[in-house]
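Here's the structure we're looking at; comments come further down.
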Amino acid sequence: MAGSDRTVVIKGGRIIDETGERLGDVVLRGDEIVDVGPGLTGDEVVDASGCIVAPGLVDLHTHLRQPGKEEAETIESGSRAAVLGGYTAVLAMPNTTPAIDCASVVREVLELGRASLCDVHTSGAITVDRAGEQLAPMAEMAELGVRLFTDDGTGVQDDRLMRRAMEYGRGLGVTLAQHCEVTSLSEGTCMHEGEWSARLGLPGQPAEAEELMVMRDIALARLTGARIHLLHLSTAGSVAMVAAARAGGLAVTAEAAPHHFTLTDACCAEYDATFKVHPPLRTDADVAAVQRGLADDTISAIATDHAPHAPEEKERPFDQAPPGMLGLEYALALAFTQLVDGGSGMSEADVLARLSWQPAAIAAMDRHGRPVAAGSPANLCVIDPDARWTIDASGGASRSRNVPYVGREVRGRVRHTICDGEVVVRDGEAQR
Ligand code: DOR
């Protein structure tokens, strides 16, 4: 589209971005917004009446499974799910096979991403093969644009190695992101340790398995001056530590996944492995703390942790099935329903901040999350906030179907998604 003179006008919407809220039409030319205001026209009209027009959503935590597990997801199918969920950018997690731990695999993922429906960025592993033993060549990955490093799927256990990673990362100007889980407390477990694990006879991991690593990484961030991002926080104790670290001026950000502000460990009662995830679903008090953390901005981002697994994998017994659940097509509606309507005191604008411009800033994605204004890249989503729908078991565009929200009634649906000026979702349908 870039370079073309043809204009597209998004008409009749309520614009919400980091500068506030206003009514207005938005005119795009090529991959750029060229005008915003009342009564504008264009060669092509995209109807936004009754809708919110916002910067496209940005997911900091997407398992795209390519290379290596294409039966569960591909970059193509994952990006299709992403745009249907309102995302214009996703950050791929590195726990693929092989792991995204060097320049050649980063190049492969970015190359596949270029043909997909949204902007695909990738994280890079902190350690070689995510094995926690030797630092990965972070500089060569940073040179290709990698801005966030993580061994996600597992945390870096060795304190000294993590200190080195932070020192190195600080020098490179990148962010270290941690999957906080001390394996000596979590190994062999499959859910949260508490009343439900006792009742079900399943081995549980305590909240402290997460909290000890949150505590250590905050301490190491203080020591090294590194910028850190804590992935999928799930416990009240973790939220409290992040609040204290941020109040103390440390460069610490955190994210929460939709399942950790909507579901509890009671969901595991039927031994259905759809509800198995790492970190595990926790208690009512933890869910309330995550919601409060999102509301008061201790937790800056909602990230999906979209983790597709093939049906036959998830049909295994609870203790043997892989952890993870889908999220890309549900996050926005779950956030509107649970966080705006559910009484946590968040507005739609607050939710969009956690889903778009705040995660874009954390990952340094400067073409996303930008104000809806002339000169900004045309990465937008148009959301019908009044659409009510029921989540089904299909899994949407994903190759997998591990949906833990089946039957849940939600509010808010993506009507259109515009990536780099191209209308990739129109009236809820992917256009290619
Ligand atoms: O539940 C999870 N699934 N947590 C992770 O950290 C990894 C993810 C996966 O890759 O399936």
Side-chain angles (χ1 to χ4, degrees), residues 59-75 77-78 81 90-101 109 122-123 125-127 129-130 132 148-157 177-183 185-187 189-192 204-205 209-210 213-214 217 229-235 238 254-263 265 267-268 272-282 303-316 318-328 330-331 395 398-405:
D59 191 24
L60 289 176
H61 201 133
T62 317
H63 295 278
L64 291 171
R65 301 291 188 233
Q66 197 174 5
K69 269 233 156 81
E70 289 80 357
E71 68 281 12
E73 201 74 287
T74 61
I75 290 175
S77 64
V90 296
L91 184 73
M93 287 293 108
N95 59 337
T96 48
T97 314
I100 306 172
D101 67 354
V109 170
T122 186
S123 59
I126 296 172
T127 68
D129 203 22
R130 301 174 41 255
L148 201 128
F149 288 84
T150 177
D151 275 3
D152 183 58
T154 185
V156 177
Q157 304 297 311
Q178 192 74 277
H179 170 124
C180 295
E181 180 181 333
V182 171
T183 50
L185 289 175
S186 69
E187 209 148 29
T189 69
C190 58
M191 66 176 295
H192 172 68
Q205 59 166 279
E210 173 175 308
M213 196 169 282
V214 170
D217 279 7
H229 177 68
L230 302 172
L231 302 169
H232 43 45
L233 288 190
S234 69
T235 84
S238 296
E255 64 180 38
H259 43 273
H260 288 130
F261 62 75
T262 53
L263 306 173
D265 56 349
C267 295
C268 305
D272 178 352
T274 311
F275 298 98
K276 180 174 176 180
V277 65
H278 287 172
L281 301 178
R282 306 278 188 187
T304 65
D305 196 3
H306 178 85
H309 290 288
E312 58 276 18
E313 291 279 311
K314 273 298 201 183
E315 276 156 19
R316 288 158 63 184
F318 198 94
D319 59 333
Q320 292 161 35
M325 36 188 66
L326 301 186
L328 286 168
Y330 317 114
S398 174
R399 287 198 169 183
S400 295
R401 293 194 289 278
N402 45 318
V403 184
Y405 311 108

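Here, residue 1 is the first one in the sequence, and each next residue gets the next number. Ligands are counted one by one from 1 in listed order, and the atoms in each one are counted from 1 as well.
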**Item:** Thr262 side chain to Pro258 backbone, donor-acceptor under 3.5 Å
**Value:** yes
**Salt-bridge contact Glu313-Lys69 (side-chain N to carboxylate O under 4.0 Å)** = no
**Winner among His179, Met93, His306 once heavy atoms are compared against atom 6 (O) of ligand 1** = His179
**Message:** Please confirm whether Pro322 approaches ligand 1 to less than 4.0 Å, judged on its heavy atoms.
**Reply:** no
**Message:** Pro279 versus ligand 1: do any nitrogen or oxygen atoms come within less than 3.5 Å of each other?
**Reply:** no
**Prompt:** Parallel, tilted or perpendicular: which describes the rings of His61 and His232, with under 30° parallel and over 60° perpendicular?
**Reply:** tilted
**Message:** Residue-level breakdown please: for Thr154 versus ligand 1, do any non-hydrogen atoms fall below 4.0 Å on the side chain, on the backbone, on both, or on neither?
**Reply:** neither
**Request:** Give a yes or no answer on whether the side chain of His309 reaches the backbone of Pro323 with a donor-acceptor pair at less than 3.5 Å.
**Result:** yes
**Asked** In ligand 1, which numbered atoms sit nearer than 4.0 Å to a non-hydrogen atom of Asp152?
**Response** 6 (O)
**Message:** Students should be able to answer this: which protein heavy-atom is nearest to atom 5 (C) of ligand 1, and at what distance?
**Reply:** His278 O, 3.7 Å
**Request:** Mark the output for His232 as yes if a heavy-atom distance to ligand 1 is under 4.0 Å, and as no if none is.
**Result:** yes
**Asked** Checking Thr62 side chain against Leu64 main chain: does a donor-acceptor pair fall under 3.5 Å?
**Response** no
**Selected option - heavy-atom contact closest to atom 11 (O) of ligand 1, from Arg65, Glu181, His63** = Arg65
**Prompt:** Where the side chain of Asn402 meets the backbone of Ala307, is there a donor-acceptor pair that is under 3.5 Å apart?
**Reply:** yes
**Request:** Looking only at non-hydrogen atoms, find the nearest pair between Met213 and Glu181 and report the distance.
**Result:** CE-O, 3.4 Å
**Atoms of ligand 1 close to His309 [distance to a heavy atom under 4.0 angstrom, numbered from 1]** = 11 (O)
**Prompt:** What is the closest protein heavy atom to atom 10 (O) of ligand 1, and at what distance does it sit?
**Reply:** Asn95 ND2, 2.8 Å
**Asked** When only distance counts, is Pro323 in polar contact with ligand 1, meaning an N/O pair under 3.5 Å?
**Response** yes
**Request:** For Thr150 and His179, work out which heavy atoms get closest and say how close.
**Result:** OG1-N, 4.4 Å
**Request:** Under 4.0 Å from a heavy atom of Gly153: give me the atoms of ligand 1 that qualify, with their elements.
**Result:** 6 (O), 7 (C)
